[in-house]
Amino acid sequence: MEYGTSRRDDGLGEPPAVPEQRGGVHGRMPLAVVVIDAEGRVTHWSSGARRLFGPTRGQAVGRPAVDLMPVSGALRGAEVRTDAAGRPELDDSLLGPVYYPTAGRARMADPAHGQVDVVWWAYPLVGPGPERLLVLSADAKGVGGAALGRDERIAPGFALHTEFPGAERLAGRLPDILSNMGPATAGRIVAQVLDLGYPVLEISHHKRVPVTPDWGMPRYRERRARQDAVRRSAVTADGAHDGAHAPERWPDPGDVDLEYAAVRERLEFLNEVSGRIGTSLDLTRTIREVTSAAVPRFADFAGTHLRAQVLAGEGFPDGPPDVTTVWHRVWVEHDDEPGRWDDVPVGESMAFPEHTPFFRCMVTGEPVLIPHLSDEMGDRIAGQFEKRDLRPLINGRSILIVPLKARDVVLGFMVLLRRPGREPFDEMDRTTGAELAARAGLALDNARMYTYQESVAETLQDSMLAQVTPRMAGCDTATRYLPGTRLGGDWFDTIKLPGSRTALVVGDVMGHGLTSAAMMGQLRTAVQTMAALDLPPAQLLRNLDDLAQRLGEHYLATCLYAVYDPVRSELVLANAGHIPPVLVRAQDGRSELLDLPTGAPIGVGGVPFEAVTVRVAPGDRLVLCTDGLVEVRGQDIGAGIAALCESAAHPAASMDDACDTIIRALAAASRDKGGRGGRKDDVALLMARLNGIPAGDVAQWRLTLDPSEVGRARRLVRERLLRWGLPESVETAQLLVSEAVTNAIRHAHTHHVRLRLVRTDALLWEVTDDDHELPTLLGADGEDESGRGLRVISELAREWGTSRTGRGKTVWFEQALAHPGERR
């Protein structure tokens, strides 16, 4: 049993066991409690069983009872006591079905325990649970010894409670020796035991002693000792007896009630604490719950300190703490007078000196109890702190410092104080405080792990989300990302493509957590890589689906991939199970949901994807989002899409304002009548204003495969830039174009070379030929005749790249516009 089997050396000794008194006799002893299932295996093993038989609970539960308990006669080296007729005093019914209570006695001769005389009582159990036998066992000498005469003997037995005055109350204490079982199971077992009878010791076949648990609590033993001393003094004063012959006082039901009340109070406090802490996985809230649980019922002051790594969400602390470990005072609760603890601010960081009880607690991981802190001791402790005088706060108080541990690592500690005038902390409080700290440590570690995982996941997700460039060629974009209550795999992206085009991407990995975030990163990287190869939208989704198949059968995601060509004023879109985009027409402000082939999600496999071309006009807006924006649990997704179309059509001063309008409108639509929000998923929103590029800002030429065409290209570039009023850009442009055209003419086969120039906020150059081999940037030295073209381009261009086309390849580069007077 949890609390009644400990044998404390408290200086008062154990009370003699079976004295006779009016109203009956009571045998008080530590009890071992064992529950056995129908297969003969242990399901419950109390601390009393560990003390009596040796194995720990972890070693005993699940093992056959006959291998653990000497009362079964199966323990190697055990001797079985026999009666006068030579019959064993052990009932072998333990080894088979039991339908009535039985009792037995055996003597252990095991080397690990020495000679131990054991008595036991076995109760059959019935009901829906696996428990089939309850065994109570004890060391027989705990009730024998001097109380028994030379010729007297004891044997275990059973009796109805009504035969012993006060035994009914004692029997009701059985739930506490089953305290670590669930209340339903313990209640069912107790009900059966009380019906079958109470364990007794028969002394010489005529004295019957009801056996009750020995709770072993020093506080109440000390109280009884003080009461006995007072009574003995009173008897001596009356002249009836002197102190040497004062009669011993044995426990009465009132004393047992005091001990039982103390245990019940402790259990109630810990149960109350368990209900108050760990109600959420928020670290800050858990800290407050843990600290507040102790005040005022258990202490007058409680202060919680945590290691810096725990508070910062940096994972599990490395190694034991030392004098360099930084601790944060994260919360304080007290019921002292206002202002007393103002000099102990929450949030303060400090390292604790070595020769202090705080340091001893955090390095040993054990509670530190100082029942009364004298002025001398308080002055000595306060002298270790340089910045603060602690004497007014701690001197004269009772102090208990308990570690907050998880997996044998100290995460923090709680300082608990009681003011003078309140009963000081004692050993029972030390045990209670340690139990409180153990439960608090578990709650804190759960919150810490959750905070750490959330931090890792958010960092991972943030690193994978695109940093979208607000202005692309002929296209302005704005985005919003709203994280949900659970980490998701939503993403969006804008990718620069050859031909002044822009790829617009939005996707959603199914599921939540780190796995979804990691898959999102893989798919996003794959889309960027394949977009750089200028794959058509349908082919890109086909390849992405193949990749998801290779990554694993459980990888599923939706994706919408659109390519905007501002020169041709058209969109090419392909869909993989995603919500269609909304197109808002600039001419009349009307919004429409684009009708696209839905396609299957990425990862399904074996499903074709189709592309659709949509003509657009300058100023049109394209809105792409994930289902977290339009889908609300309990509502039709069609209502959310309709709300998206309506809100997207509202006029706005800017792209950012337009995004905010959509978010506000959809958030309001998701709330129920009680005003509660209905969205828990991530939300990704990408809006693009399709500005287009006027035909007057585009120039293109066809060049033959003649080296003399390089000079012609230089002249064409000069003429066009001067016509556009960009003389400062001519020199750099001629150098870049001549290098690119020279390489193209050298490597082209049968067709011409095309040179195109697009003017936006920069100059975008493209040189296309029919050779499929992409050029490589080489480290040319002074004697090399080739390999310099791309190096010149990489040095002078703001950006550059290469990509394959259906008929060959394209080398593109971007030239920043030079300001007047600036020459490169």
### Message
Test side chain to side chain donor-acceptor pair (under 3.5 Å) on E739 and N743; report intermediate values, then the result.
### Response
CA-CA 6 Å; E739 293 291 343; N743 286 339; 5.3 Å; no
### Task
Please report the closest heavy-atom contact between V717 and L755, naming both atoms and the distance.
CG2-CD2, 4.3 Å
#### Entry: Rounded distance (nearest 0.5 Å) linking atom CG of L666 with atom OG1 of T661
11.0 Å
### Any donor-acceptor N/O pair, E814 side chain to R798 backbone, under 3.5 Å
no
### Message
Is it the case that the side chain of R756 and the backbone of G499 share a donor-acceptor pair, with hydrogens and angles ignored and the cut-off at 3.5 Å?
### Response
yes
### Query
So which heavy atom on V753 is nearest to which on A748, and how close?
CG2-CB, 4.4 Å
### Task
Start with the C-alpha gap between D620 and R585, add the side-chain angles, then the distance that decides, and say whether side-chain contact (heavy atoms from CB on, under 4.5 Å) holds.
CA-CA 5 Å; D620 289 354; R585 298 292 184 176; 3.2 Å; yes
### Query
Side-chain contact, heavy-atom cut-off 4.5 Å: L774 with V811?
no
### Task
Using atom types as modelled and distance alone, determine if a side-chain donor or acceptor of S591 lies under 3.5 Å from a backbone N or O of C645.
yes
### Message
What verdict does the side-chain contact (heavy atoms from CB on, under 4.5 Å) test give for V623 and M687, after you've listed the backbone C-alpha separation in whole Å, the side-chain angles of each residue and the deciding distance to 0.1 Å?
### Response
CA-CA 5 Å; V623 180; M687 180 182 295; 3.9 Å; yes
### Query
Mind checking whether L624 and F492 have side chains closer than 4.5 Å, heavy atoms only?
no
### Query
Where do I693 and T760 land on the side-chain contact (heavy atoms from CB on, under 4.5 Å) test, with the steps shown first?
CA-CA 8 Å; I693 297 177; T760 59; 3.8 Å; yes
### Message
Within the structure provided, determine whether V767 and L703 are in side-chain contact (heavy-atom separation under 4.5 Å).
### Response
no
### Query
Using 4.0 Å as the upper bound for N to carboxylate O, is an ion pair formed by D493 and R524?
yes
### Task
Dump the intermediate steps for side-chain contact (heavy atoms from CB on, under 4.5 Å) on S569 and R615, then the final yes or no.
CA-CA 6 Å; S569 295; R615 297 291 301 176; 4.2 Å; yes
### Query
For V572, does its backbone N or O pair with a side-chain atom of Y561 as donor and acceptor, under 3.5 Å?
no
### Message
Could you check whether atom CG of D595 has more than 12 heavy atoms from other residues, nucleotides or ligands sitting under 6.0 Å from it?
### Response
no
### Check: W800 and L790 side chains under 4.5 Å, non-hydrogen atoms
yes
### Task
Report the distance from atom CD1 of I662 to atom SG of C625, rounding to the nearest 0.5 Å.
8.0 Å
### Task
Over all heavy atoms of both residues, which pair between T502 and L497 is shortest? Give the atoms and the distance, please.
C-CD1, 4.3 Å
### Task
Answer yes or no: are there more than 12 heavy-atom neighbours, outside R702 itself, under 6.0 Å from its atom CZ?
no
### Query
Counting heavy atoms not belonging to E592, are there more than 12 under 6.0 Å from its CD?
yes
### Query
Is there side-chain contact between C559 and H578, with at least one heavy-atom pair below 4.5 Å?
no
### Task
Kindly compute the distance separating OH (Y564) from CZ (R689), expressed to the nearest 0.5 Å.
11.0 Å
#### Entry: Considering all heavy atoms, the nearest I579-T626 contact
CD1-C, 3.9 Å
### Task
Hey, could you give me the OG1/CG distance between T558 and L523, rounded to the nearest 0.5 Å?
10.0 Å
### Task
Kindly compute the distance separating CG (L560) from CG (L504), expressed to the nearest 0.5 Å.
9.0 Å
### Message
I'd like to know if the side chain of Q734 reaches the main chain of R714, judged simply by a donor and an acceptor atom lying under 3.5 Å from each other, with no hydrogens or angles considered.
### Response
yes
### Query
Which heavy atom in G589 sits nearest to a heavy atom in A649, and how many Å separate them?
O-CB, 3.5 Å
### Message
Within the 4.5 Å heavy-atom criterion, are H752 and T704 side-chain neighbours or not?
### Response
no
#### Entry: Backbone N/O of M655 and side chain of R621: donor-acceptor pair under 3.5 Å
no
#### Entry: Check: H772 main-chain N/O paired with H747 side-chain donor or acceptor under 3.5 Å
no
### Query
Does a side-chain heavy-atom distance below 4.5 Å link L764 with W812?
no
### Query
For R480, which of D490, D660, D657 qualifies under salt bridge (charged side-chain N to carboxylate O under 4.0 Å, His left out)?
D660
### Task
Check each of D534, D769, D770 against K809 using the side-chain hydrogen bond (donor to acceptor under 3.5 Å, both in side chains) test, and report the only one that passes.
D769
### Query
Where do D697 and W724 come nearest, in terms of heavy atoms and distance?
O-CH2, 3.7 Å
### Task
For D565 and R501, indicate whether the former's side chain and the latter's backbone hold a donor-acceptor pair under 3.5 Å.
no
### Query
Once you round to the nearest 0.5 Å, how far does CG of D761 lie from CE of M472?
10.5 Å
### Query
Is the side chain of T732 donor-acceptor paired with the backbone N or O of S729 at a distance under 3.5 Å, no angle test?
no
### Residues R542, D546: salt bridge by 4.0 Å N-O rule
yes
### Message
What I'd like to find out is whether the side chain of F609 reaches to under 4.5 Å of the side chain of I602, using heavy atoms alone.
### Response
yes
### Query
Is a donor on one side and an acceptor on the other found under 3.5 Å between the side chain of D545 and the backbone of G603?
yes
